[in-house]
Visitor: 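Once you've had a glance at the structure underneath, I'll fire off some questions.
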2 protein chains.
Amino acid sequence: MNVLEKIVSSATSFSKSERKVADIILANPQITIHSSIAALAKMADVSEPTVNRFCRRLDTKGFPDFKLHLAQSLANGTPYVNRHVEEDDGPEAYTAKIFESTMAALDTARQRVDINMINRAVDVLTQAKKISFFGLGASASVAHDAQNKFFRFNVPVVCFDDIVMQRMSAINSSDGDVVVCISHTGRTKNLCDIAAIARENDATVIGITAYDSPLARECTLVLSLDVPEDTDMYMPMASRVAQLVLIDILATGFTLRRGSKFRENLKKVKDSLRGSRFEKKDFTN
Amino acid sequence: MNVLEKIVSSATSFSKSERKVADIILANPQITIHSSIAALAKMADVSEPTVNRFCRRLDTKGFPDFKLHLAQSLANGTPYVNRHVEEDDGPEAYTAKIFESTMAALDTARQRVDINMINRAVDVLTQAKKISFFGLGASASVAHDAQNKFFRFNVPVVCFDDIVMQRMSAINSSDGDVVVCISHTGRTKNLCDIAAIARENDATVIGITAYDSPLARECTLVLSLDVPEDTDMYMPMASRVAQLVLIDILATGFTLRRGSKFRENLKKVKDSLRGSRFEKKDFTN
DNA sequence: CGATTTGTTGTAATTTAATTACAAGACAAC
DNA sequence: GTTGTCTTGTAATTAAATTACAACAAATCG
């Protein structure tokens with residue numbers, strides 16, 4: 001937990017004067033790290049020892065040490081301590097908050113992801129006879145995106161966002177086929193059924209879903225992404241971005257496993273687009 | 001440029017003693033930020049003023065200020081200096097690199113994005129009679145995702161990834177309709193045509209695309225996202241994530257503009273899923 | 001309701017750390 | 001070999017942070 005978050009969470013245990021200090025610091029974190037203890041005390045209208053005591057309460061060695069911790073918190077980019085969008089946020093505020101919360105979500109995803117599982121998933125995918133991506137709702141667009149990546153690898157790839165098609169496809173699957181089921185919650189009944197059906201037909205089922213969810217239990221192999229979702233907006237946001245990055249990782253693992261010669265193939269796919277595009281005038285991206 | 005990088009890059013301009021200081025700091029950055037100037041001087045076997053001069057040479061106000069900058073550099077965590085995936089990277093390396101490069105891309109996107117344009121786009125979207133999202137290839141899944149968000153707002157939303165449908169839809173558009181064209185490069189001919197057609201028919205065309213691209217020139221309003229794309233893999237990766245976050249921002253702006261009562265509506269949409277899902281056993285997400 | 005204790009806050013003294021001024025030494029150029 | 005410049009360290013100074021202690025406020029208990 002970074003210092004800024006710590007200040008917020010231990011707010012209740014502060015005394016009156018300490019709260020004044022906390023308020024000033026939260027309001028001007030950037031100014032704080034460039035201020036002396038005297039300047040900060042003056043801003044908060046308290047004495048210098050009070051500031052010092054405040055720092056100690058936050059498990060730092062003293063004011064200079066506290067500034068160090070604060071600087072690190074800020075570097076991790078938390079201009080908005082509360083990253084949740086609020087009713088009266090202006091465009092500047094909500095734009096920054098959404099970028100920040102998405103980045104924070106990716107960071108926790110990175111820390112929690114199981115490299116071993118990724119490696120096994122890449123193994124399975126590179127050996128697949130056929131790969132199917134299934135998702136519903138918001139996860140359907142992730143499935144489409146996955147198809148857009150994996151079709152380049154010259155492997156049969158399908159993608160369905162229709163439960164009937166998914167079901168038929170699952171029933172027709174067999175040994176060597178890989179089915180990737182994508183669901184943030186992992187509690188969508190239809191998708192669980194499909195995972196079960198695919199498994200009964202000897203397909204390998206990879207789940208990109210929440211750890212220990214009903215869907216996860218139906219899968220051969222689970223890539224869990226426990227990302228804190230901002231539920232205020234009632235829309236999947238960060239979770240879906242993390243899923244996409246995971247798809248990128250699997251696709252990258254796939255290409256690396258296949259070696260450099262294979263990469264030439266990808267270049268061809270990309271070059272094939274040239275005719276449909278306006279030429280670049282210069283080398284800027 | 002962060003301080004650590006600065007130390008490396010200005011290595012040539014250091015004197016003999018300053019180099020000693022630089023070496024010690026680069027070797028033990030974590031220890032440095034918790035040391036006094038005296039301790040560091042002793043470690044580097046130089047005098048205290050030498051350390052101070054070293055700090056000044058790096059455009060910091062003095063030793064404490066230098067430590068602050070150093071702390072921030074360390075917090076920003078660049079475990080992989082080179083974030084590009086390489087031939088012989090193992091799963092651990094490429095996973096970390098892809099997460100990191102995606103986060104870095106989002107960070108530059110955040111810095112470069114034009115808040116003013118976002119605000120105008122939200123304006124236009126909230127007043128739209130009908131909203132259409134068009135994308136091709138990788139951008140098609142972004143368009144689908146946008147549809148998945150915006151349909152919740154009780155506004156007529158369509159999404160096409162088929163140029164014939166897009167064309168027909170564009171021709172049928174009229175004043176008050178908003179067409180959102182999504183393309184990373186902004187050089188896909190078909191999509192440019194469609195933007196032009198939509199504009200001829202009095203629709204407002206919002207482009208989520210590269211600044212000053214052919215597509216951008218056809219749009220009423222451009223949300224440019226100049227994200228450094230990792231082209232090694234010949235696949236769109238970071239750009240597409242940035243586009244999704246932009247969609248999230250527009251959707252959020254939309255809901256905020258509509259006020260709190262409208263948010264109840266979104267909750268209803270979300271609650272409607274309950275029947276199709278397994279119940280949560282606890283409150284973990 | 002008053003006395004006592006506990007906790008909070010500020011003043012002043014002290015200690016510690018960082019910076020400056022200056023002088024000695026090293027090195028290069030003439 | 002001498003002069004000038006650049007580098008480095010010593011000692012003095014200044015600035016900053018911390019500690020010790022006293023005054024005050026609030027809460028607890030008789």
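What you are looking at is a predicted structure, and each value in this text was computed from that prediction instead of being measured.
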Visitor: Checking T95(A) against R110(B) for the side-chain contact (heavy atoms from CB on, under 4.5 Å) test, could you report, in this order, the C-alpha distance in whole Å, the side-chain angles of both residues, the deciding distance, and whether it holds?
Guide: CA-CA 8 Å; T95(A) 300; R110(B) 172 182 60 164; 5.8 Å; no
Visitor: Checking the side chain of R217(A) only, and the main-chain atoms of D212(A) only, is there a donor and an acceptor separated by less than 3.5 Å?
Guide: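 Pair found, side chain donor or acceptor close to backbone of D212(A).
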Visitor: Which nucleotides of nucleotides 8-23 of chain C have their base under 4.0 Å from a protein heavy atom (B), which only their sugar-phosphate (S), and which neither (-), written as one string 5' to 3'?
Guide: SBBB------SBB---
Visitor: Please list all pairs passing the side-chain hydrogen bond (donor to acceptor under 3.5 Å, both in side chains) test where one or both residues lie in residues 32-44 of chain A, with sequence neighbours left out.
Guide: none
Visitor: Which pairs of donor and acceptor atoms, one on a side chain in residues 43-50 of chain B, lie under 3.5 Å apart (sequence neighbours left out)?
Guide:
unit_1, atom_1, unit_2, atom_2, d
S47(B), OG, T50(B), OG1, 3.0

Visitor: Does the side chain of R257(B) come under 3.5 Å of the side chain of N119(B) through a donor N or O and an acceptor N or O?
Guide: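 Present: a donor and an acceptor within the cut-off.
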Visitor: Could you tell me the separation between the NE2 atom of H34(A) and the C1' atom of dA16(D), rounded to a whole number of Å?
Guide: 16 Å
